Protein chains: 2
Amino acid sequence: MLNKLHITAEDMIQQNGGRATAGRIGILAILLAEQQAMTHREIEQRLPGTLQLDRVTLYRALEWLVGKNLIHKVTSDDRVWRYHANREVHNTHQHAHFKCTCCAQVICLDDLTIERNWHLPTGYRFQEIELTVKGLCADCG
Amino acid sequence: MLNKLHITAEDMIQQNGGRATAGRIGILAILLAEQQAMTHREIEQRLPGTLQLDRVTLYRALEWLVGKNLIHKVTSDDRVWRYHANREVHNTHQHAHFKCTCCAQVICLDDLTIERNWHLPTGYRFQEIELTVKGLCADCG
DNA sequence: ACAATCCTTGCAACATTGTTGCGTTTATTT
DNA sequence: AAATAAACGCAACAATGTTGCAAGGATTGT
């Protein structure tokens, strides 16, 4: 299965006109295999022994994947970026996340839409929305 | 006006059974005088020359004020906490913020309520919601 | 008023997360 | 296979926040 994801990852990267390096493929395959949004550290720990990347390289590869819209970054209150693969083309401007206040896991809530029955102060312009629901996940609750 | 706020701040602190030190009063008065949520650095810069506090003392005083529910912390995507005075008793669990993507100012959107017509995955428990609307403020737009 | 106590402060050091500069290596193109 | 441009690894740096500890100041009890 991971092998299949490697091929998928490689395809995704090449379709975006980027170099399909072992690092990028490995990182994207890890993110594709994981439901949760992963931190830099979690990704690093899951890298196989045959693919040990430098911290900086990992940061740069993630940044590159974000730029190519293959993954997206999730803000959190613990000052740590989390990354999640963009499986289908989804509306990135209407995207909510759930964070467990106990174990800190983050998942995407794709079906949560936000109604815009409110308005900003005069002169303010809307760009995007960032919504995090906090609570306890199934394991911690 | 700042003098009046100092008295208000002192009252608020004493009502919570805490020591009304010059630092705490000054910090709370600054936050009461400001509409925007302020970073640690912004607060530090606004401290008068007669009240220069150590970085750590400022962090600890802010932490204390948060614990006493006199101010609240706002998460942001730039990994910096912002602090905002709790003027009235407002529902802290339904509290949205606006952040300007240009100048990084953060304000509270008190009138924005979030409808709960959605549900979490099975076994997940809701605790609170964190909503940040991003866009351009009146000055930058 | 004085001493005991407890909270607060300041300093130094540390921790975490992420970024930048630069020379070297690697993937892709020709 | 050689040339070229991109990606990598290392070291150093930057920003934000935290911890330990000794010194200072306020509060309480006598």
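This structure is a prediction, so every number in the text was calculated from the model and none was measured. Order of the sequence lines fixes the chain letters, A, B, ..., with proteins taken first and strands second; residue numbering starts at 1 for each chain.
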Quiz item: On DNA chain C, nearest-nucleotide positions of A:Gln14 versus A:Trp81: which is more 5'?
Solution: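 Result of the comparison: A:Trp81.
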
How many Å lie between [atom1] on [X] and [atom2] on [N], as a whole number?
X: A:Gln52; N: D:dC10; atom1: CD; atom2: C1'; result: 16 Å
X: B:Leu65; N: C:dC7; atom1: CG; atom2: P; result: 17 Å
X: B:Asp54; N: C:dA12; atom1: CG; atom2: P; result: 9 Å
X: A:Ile43; N: C:dG18; atom1: CD1; atom2: P; result: 10 Å
X: B:Arg79; N: C:dT19; atom1: CZ; atom2: P; result: 8 Å
X: B:Leu62; N: C:dT9; atom1: CG; atom2: C1'; result: 15 Å
X: B:Glu42; N: D:dT16; atom1: CD; atom2: C1'; result: 14 Å
X: B:Asp78; N: C:dT17; atom1: CG; atom2: C1'; result: 13 Å

Self-check item: Residue whose nearest DNA chain D nucleotide is more 5′ - B:Arg82 or B:Ala20
Solution: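 Result: B:Arg82.
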
Decide yes or no, distance alone: a donor-acceptor N/O pair under 3.5 angstrom between the base of [N] and the side-chain of [X].
X: B:Arg60; N: C:dG10; value: yes
X: A:Arg19; N: D:dA5; value: yes
X: A:Arg55; N: C:dG18; value: yes

Quiz item: How would you label the contact of B:Ala61 with the nucleic acid (heavy atoms, under 4.0 Å): base, sugar-phosphate, or nothing?
Solution: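 The answer is nothing, as B:Ala61 stays clear of every strand by at least 4.0 Å.
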
Practice problem: Identify whether any heavy atom of B:Val56 sits under 4.0 Å from a base atom; if not, whether one sits that close to sugar-phosphate; answer base, sugar-phosphate or nothing. | Solution: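 Base contact.
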
Quiz item: So which nucleotide from D:dG17, C:dG18, C:dG10 ends up closest to the side chain of A:Tyr59?
Solution: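 Closest nucleotide to the A:Tyr59 side chain: C:dG18.
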
Quiz item: Among C:dT8, D:dA7, D:dA11, which is the nearest nucleotide to the side chain of B:Trp64?
Solution: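 Closest of the options to the side chain of B:Trp64: C:dT8.
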
Quiz item: OP1, OP2 of D:dA7 versus side-chain N and O of A:Arg24: anything below 4.0 Å?
Solution: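 Yes, within the criterion.
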
Quiz item: Does C:dT9 have OP1 or OP2 sitting under 4.0 Å from an N or O in the side chain of B:Thr21?
Solution: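 Looking at the OP1 and OP2 atoms of C:dT9, one of them is under 4.0 Å from a side-chain N or O of B:Thr21.
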
Self-check item: Min side-chain heavy-atom separation B:Gln36-B:Val106 under 4.5 Å
Solution: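 No - every pair of side-chain heavy atoms lies 4.5 Å or more apart.
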
Quiz item: Got B:Thr75 and B:Trp81 here, is their nearest side-chain heavy-atom distance under 4.5 Å?
Solution: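 In contact.
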
Exercise. Fit a plane to each ring of A:Tyr59 and A:His40, take the angle between them on a 0 to 90° scale, and name the class: parallel (under 30°), tilted (30 to 60°) or perpendicular (over 60°).
Key: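 Rings of A:Tyr59 and A:His40: parallel, as their planes differ by under 30°.
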
Practice problem: Hey, could you give me the CD1/CG distance between B:Ile13 and B:Leu70, rounded to the nearest 0.5 Å? | Solution: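 So the gap between those two atoms works out to 6.5 Å.
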
Self-check item: Side-chain donor/acceptor of B:Arg125 to backbone N/O of A:Leu136, under 3.5 Å
Solution: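 Judged by distance alone, no pair lies under 3.5 Å.
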
